[in-house]
**Q** 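Here you go, one structure.
Per chain, numbering begins at 1; letters A, B, ... match sequence-line order. Keep in mind it's a predicted model, so treat the numbers as computed, not measured.
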Amino acid sequence: MVNKQIGSAAEAVADIPDGATVMMGGFGRAGQPVELIDALLEHGAKDLVVVNNNAGNGTTGLAALIGAGQVRKMICSFPRQKDSQIFDERYLAGDIELEVVPQGNLAERIRAAGAGVGAFFTPTGYGTMLAEGKETRHIDGRDYVLEYPIKADFALIKALKSDRWGNLVYRKTARNFGPIMAAAATTAIAQVDDVVPLGELDPEAVITPGIYVDRVLELPRNAPAADNIAATATAGSGSTAATAGSAATAGKAL
Amino acid sequence: MVNKQIGSAAEAVADIPDGATVMMGGFGRAGQPVELIDALLEHGAKDLVVVNNNAGNGTTGLAALIGAGQVRKMICSFPRQKDSQIFDERYLAGDIELEVVPQGNLAERIRAAGAGVGAFFTPTGYGTMLAEGKETRHIDGRDYVLEYPIKADFALIKALKSDRWGNLVYRKTARNFGPIMAAAATTAIAQVDDVVPLGELDPEAVITPGIYVDRVLELPRNAPAADNIAATATAGSGSTAATAGSAATAGKAL
Amino acid sequence: MKLSRNEIAERLAADFPDGAIVNLGIGLPTLAADYLPEDREIILHTENGMLGMGRAAAEDEIDEDLINAGKIPVTEPAGASYFHHADSFAMMRGGHIDYCVLGGYQVSVTGDLANWHTGAADAIPAVGGAMDLAIGAKHVYVMMNLFTKNGDCKIVEQCTYPLTGIGTVERVYTDMALFEIVDGQLRVLEIFADMDLAALQEAMGVQLLDGLVAA
Amino acid sequence: MKLSRNEIAERLAADFPDGAIVNLGIGLPTLAADYLPEDREIILHTENGMLGMGRAAAEDEIDEDLINAGKIPVTEPAGASYFHHADSFAMMRGGHIDYCVLGGYQVSVTGDLANWHTGAADAIPAVGGAMDLAIGAKHVYVMMNLFTKNGDCKIVEQCTYPLTGIGTVERVYTDMALFEIVDGQLRVLEIFADMDLAALQEAMGVQLLDGLVAA
């Protein structure tokens with residue numbers, strides 16, 4: 001029987017090795033797998049290549065990971081923000097590599113990795129410094145740049161609900177990079193608010209079929225007050241919060 | 001106010017000119033826009049390039065269009081079937097051109113057209129006669145063939161429901177080529193069982209956002225017996241059936 | 001007299017026809033959302049995966065899963081739909097968005113756009129979706145002040161800042177005038193500032209064609 | 001003794017591990033669906049846009065919107081999901097399907113597959129999803145009789161029919177024996193026919209390595 005549910009955030013990321021390429025979903029807070037990123041921080045894997053739309057905000061999550069010196073290279077579209085000071089500092093000190101990719105090329109390169117496309121010609125960026133040194137071609141009246149897939153060893157994403165097969169549904173604009181990152185990574189790990197019994201998700205509305213998902217971690221968002229306190233108290237460790245989450249659903253027939 | 005609903009199949013296809021490239025959704029009967037194809041037959045546009053997974057079955061729909069000599073060229077993955085006799089005859093007589101494309105390359109080329117991708121490297125077909133004369137490249141340990149987008153002037157597709165903006169939801173495996181063909185065509189025409197008021201479709205389950213759809217034709221599938229008889233009686237003409245469909249929903253607040 | 005930021009936004013918003021699908025870039029262009037004509041249905045696209053995006057969320061409507069490209073909470077009106085990032089940018093790249101409005105550092109007289117990078121050696125490059133929008137929409141509009149605080153004209157013969165897109169800008173809505181670029185030629189459609197075409201041309205230092213409609 | 005079509009299907013189906021995601025090609029391979037081990041969850045993919053596909057539909061379950069790649073009505077069990085054709089073939093091409101099973105005209109000793117075209121001058125070419133499956137799945141299995149009705153061995157030094165994919169076949173399940181191709185070498189894993197390795201090799205006319213497990 002297939003059951004992709006895993007008990008804790010710590011367990012979910014335990015086998016991410018030094019040097020891994022890790023995709024992280026999210027656009028702003030929406031869809032950000034906060035607890036999984038925190039677990040990766042605690043896990044301590046180093047020399048990581050991280051793929052995300054940004055390069056961390058404030059002092060938590062990806063920013064903390066960069067601050068801890070665990071990230072060798074960022075691949076993203078928009079590193080510089082009001083509160084990206086940790087990345088900015090590291091970057092200007094020459095401590096971290098940066099590959100800036102136009103957001104749509106970033107998304108399409110991630111999609112290409114999942115879809116087995118070897119490379120593709122995109123009009124985005126043609127003639128700009130982000131296409132310098134890249135192969136170009138004039139096709140049917142338009143100029144294009146050749147871009148290659150971005151694959152990952154792991155993807156950390158967030159969705160609304162899952163079943164034990166790993167089928168995922170998302171919520172509003174929190175969907176963003178989740179589906180394409182799940183497909184582009186060898187091992188995709190999804191944190192979800194709720195793991196529901198098989199058959200409860202509408203087959204027409206499943207956005208990420210379970211084939212792309214390897215591990216599912218349930219972390220109830222709207223848990224009763226007591227659970228919320230537990231989850232907040234353990235933010236940063238991840239594993240205890242996750243245990244609380246699993247306990248909350250232990251009685252469910254999956 | 002945006003309202004993409006159109007009154008009849010005849011009206012929906014009236015501006016398809018001779019020489020147009022027309023995509024037709026469907027895989028077998030599932031998702032086949034039968035009434036729109038019938039209307040195109042009646043409309044009489046000639047010299048068409050038709051993109052479909054197959055090349056017509058039996059003596060109706062696409063097969064009838066081919067039989068009537070309206071199709072100059074077929075682009076498809078699987079023309080030869082038990083009941084593709086009309087195409088077979090035309091093809092063997094040299095009366096119709098054929099471009100056979102592996103099904104996944106067909107789908108990806110259609111997707112590329114909608115997504116503004118100029119060309120892409122696919123591993124499918126490498127080293128086979130379907131890749132003869134095509135550019136190839138060895139990328140990261142694997143061999144690929146360069147394939148180009150397939151665009152269309154019109155797409156005829158079928159979905160389950162729509163709203164007046166043209167947002168579409170599909171039903172089961174009838175989804176197949178619909179979403180990518182809608183995006184790849186300059187003008188996409190969808191026949192649906194039901195046009196529902198704006199806001200009634202679940203935003204998480206809309207598969208084809210209205211941006212891709214230009215015309216929506218309501219043809220109730222499970223209409224009351226009287227309507228069904230009317231629809232059957234006019235099959236082949238399309239326009240009367242469509243009128244019946246519109247009448248059935250005239251009272252709705254859209 | 002010059003237009004305020006809000007007045008530029010209002011002037012711009014008046015040009016979207018009924019049913020237009022519009023992407024408003026982060027920053028200044030977002031202001032146009034407040035001036036969409038009420039008698040027309042303008043459908044907003046946001047790069048982070050939503051079509052039919054609503055207005056900014058009120059305090060009690062804030063939902064962290066429902067934000068726009070500028071990460072500002074928004075609402076979900078009837079007719080909305082969601083999609084993932086690759087589908088969202090396919091929508092742009094594939095030419096399905098009718099209008100996009102971008103901010104600008106510089107626009108060249110032939111429609112090149114520079115709006116993502118000052119070129120300064122110590123600047124951290126960050127492009128976001130600007131290049132995708134610049135090449136993707138059917139009509140690319142720029143909204144900006146015509147002159148920098150230092151008095152340099154931002155419509156130039158050739159951009160000196162790194163480019164976002166080449167030959168892509170169709171209209172430039174500024175505080176002083178409205179411009180159109182057609183076939184690599186810059187034309188003034190309206191002057192808001194209290195000056196005539198000759199004075200405007202002299203202030204800008206680039207060749208202007210007369211596209212002014214007699215009042 | 002040779003295996004019947006159903007027996008080949010049963011032997012093949014026994015090799016899918018719990019949780020395997022499997023695409024069964026149209027025709028002969030579809031038979032394997034009837035023999036999936038009941039104590040394992042095998043998740044079927046069909047190219048026309050469904051994962052977690054169910055068994056063939058009974059008379060009163062037939063739904064024209066719910067069919068498999070062979071256009072046969074099927075059912076929708078718990079856990080199913082639907083997607084469009086580009087997403088479905090991305091699933092294959094991207095290497096996400098664990099196993100696919102295809103019919104074969106010929107398989108070469110190095111794993112080339114020919115199964116879509118006889119090469120006859122008047123044949124109408126029709127490839128469907130065969131080439132996508134042949135290059136896409138993690139494990140490509142072929143299910144076929146070992147000899148044609150004319151007595152020609154279908155495992156050959158080099159395919160004479162037009163190819164579907166190159167060096168892609170990993171196992172060949174036939175009525176007479178089960179073969180594995182690893183690093184371009186053909187190995188017999190099991191012999192079902194009443195003959196030994198030497199006799200099988202002589203009948204086939206190709207070099208065979210011994211991969212037989214002592215009973």
**Q** Looking only at heavy atoms and a cut-off of under 4.5 Å, which of D/Met53, D/Met50, D/Glu76 has the most pairs with chain B?
**A** D/Glu76
**Q** CD of D/Gln158: more than 12 outside heavy atoms within 6.0 angstrom?
**A** no
**Q** Among B/Pro179, B/Pro102, B/Ala107, B/Ala174, who wins on heavy-atom pairs under 4.5 Å with chain D?
**A** B/Pro102
**Q** Any side-chain heavy atom of D/Phe89 sitting closer than 4.5 Å to one from B/Glu108?
**A** no
**Q** Return the minimal non-hydrogen interatomic distance between D/His84 and B/Asn176, and the atom names on each side.
**A** CB-O, 3.3 Å
**Q** Relative to chain B, which segment of D/Thr164 carries a heavy atom at a distance below 4.5 Å: side chain, backbone, both, or neither?
**A** backbone
**Q** Relative to chain D, which segment of B/Arg142 carries a heavy atom at a distance below 4.5 Å: side chain, backbone, both, or neither?
**A** side chain
**Q** Given that the side chain runs from C-beta out, which part of B/Asn54 has a heavy atom under 4.5 Å from chain D: side chain, backbone, both or neither?
**A** side chain
**Q** Tell me the closest heavy-atom pair linking D/Asp132 and B/Asn105, and the distance in Å.
**A** OD1-N, 3.6 Å
**Q** Do side-chain atoms of B/Thr173 reach the backbone of D/Ile67 as a donor and acceptor pair under 3.5 angstrom?
**A** yes
**Q** At a 4.5 Å cut-off on heavy atoms, which part of B/Tyr170 comes close to chain D: side chain, backbone, both, or neither?
**A** neither
**Q** Considering residues, nucleotides and ligands other than D/Asp210, do more than 12 of their heavy atoms fall under 6.0 Å from its CG?
**A** yes
**Q** For atom CD of B/Glu89, is the number of surrounding heavy atoms from other residues, nucleotides or ligands below 6.0 Å larger than 12?
**A** no
**Q** By a 4.5 Å heavy-atom criterion (distance strictly below it), what part of B/Leu98 contacts chain D: side chain, backbone, both, or neither?
**A** side chain
**Q** Identify which of B/Pro123, B/Gly178, B/Gly31, B/Ala55 forms the greatest number of heavy-atom pairs closer than 4.5 Å to chain D.
**A** B/Pro123
**Q** Quick check on the interface: out of D/Leu66, D/Val127, D/Ile166, D/Asp65, who has the most heavy-atom pairs with chain B under 4.5 Å?
**A** D/Asp65
**Q** Side chains of D/Lys71 and B/Gln81: closer than 4.5 Å at any heavy-atom pair?
**A** yes
**Q** Taking the inter-plane angle between the rings of D/His85 and B/Phe177 on a 0 to 90° scale, is it parallel (under 30°), tilted (30 to 60°) or perpendicular (over 60°)?
**A** parallel
**Q** Examine B/Lys172 relative to D/Tyr82 and say whether NZ or CZ is less than 6.0 Å from the centre of the six-membered ring and inside a 45° cone about the ring axis.
**A** no
**Q** Within the supplied structure, the quantity of interest is the number of heavy atoms (other residues, nucleotides, ligands) at a distance under 6.0 Å from B/Arg29 CZ; does it exceed 12?
**A** no
**Q** Is it the backbone or the side chain of D/Asp63 that comes under 4.5 Å from a heavy atom of chain B, or both, or neither?
**A** side chain
**Q** Name the region of B/Phe27, side chain, backbone, both or neither, that has any atom closer than 4.5 Å to a heavy atom of chain D.
**A** both
**Q** With a 4.5 angstrom heavy-atom cut-off, could you sort out which part of B/Arg171 is near chain D: side chain, backbone, both or neither?
**A** both
**Q** Using a cut-off of 6.0 Å, state whether more than 12 heavy atoms not belonging to D/Asp39 lie near its atom CG.
**A** yes
**Q** Any heavy-atom pair between the side chains of D/Met131 and B/Tyr126 that's under 4.5 Å?
**A** no
**Q** With a strict 4.5 Å heavy-atom criterion, list every residue of residues 114-126 of chain D that contacts chain B, or say none.
**A** D/Trp116, D/His117, D/Asp122, D/Ile124, D/Pro125, D/Ala126
**Q** Between D/Thr46, D/Asn48, D/Leu163, which has the largest tally of heavy atom pairs under 4.5 Å with chain B?
**A** D/Asn48
**Q** Hey, is NZ on B/Lys161 packed in by over 12 heavy atoms from elsewhere, all under 6.0 Å?
**A** no
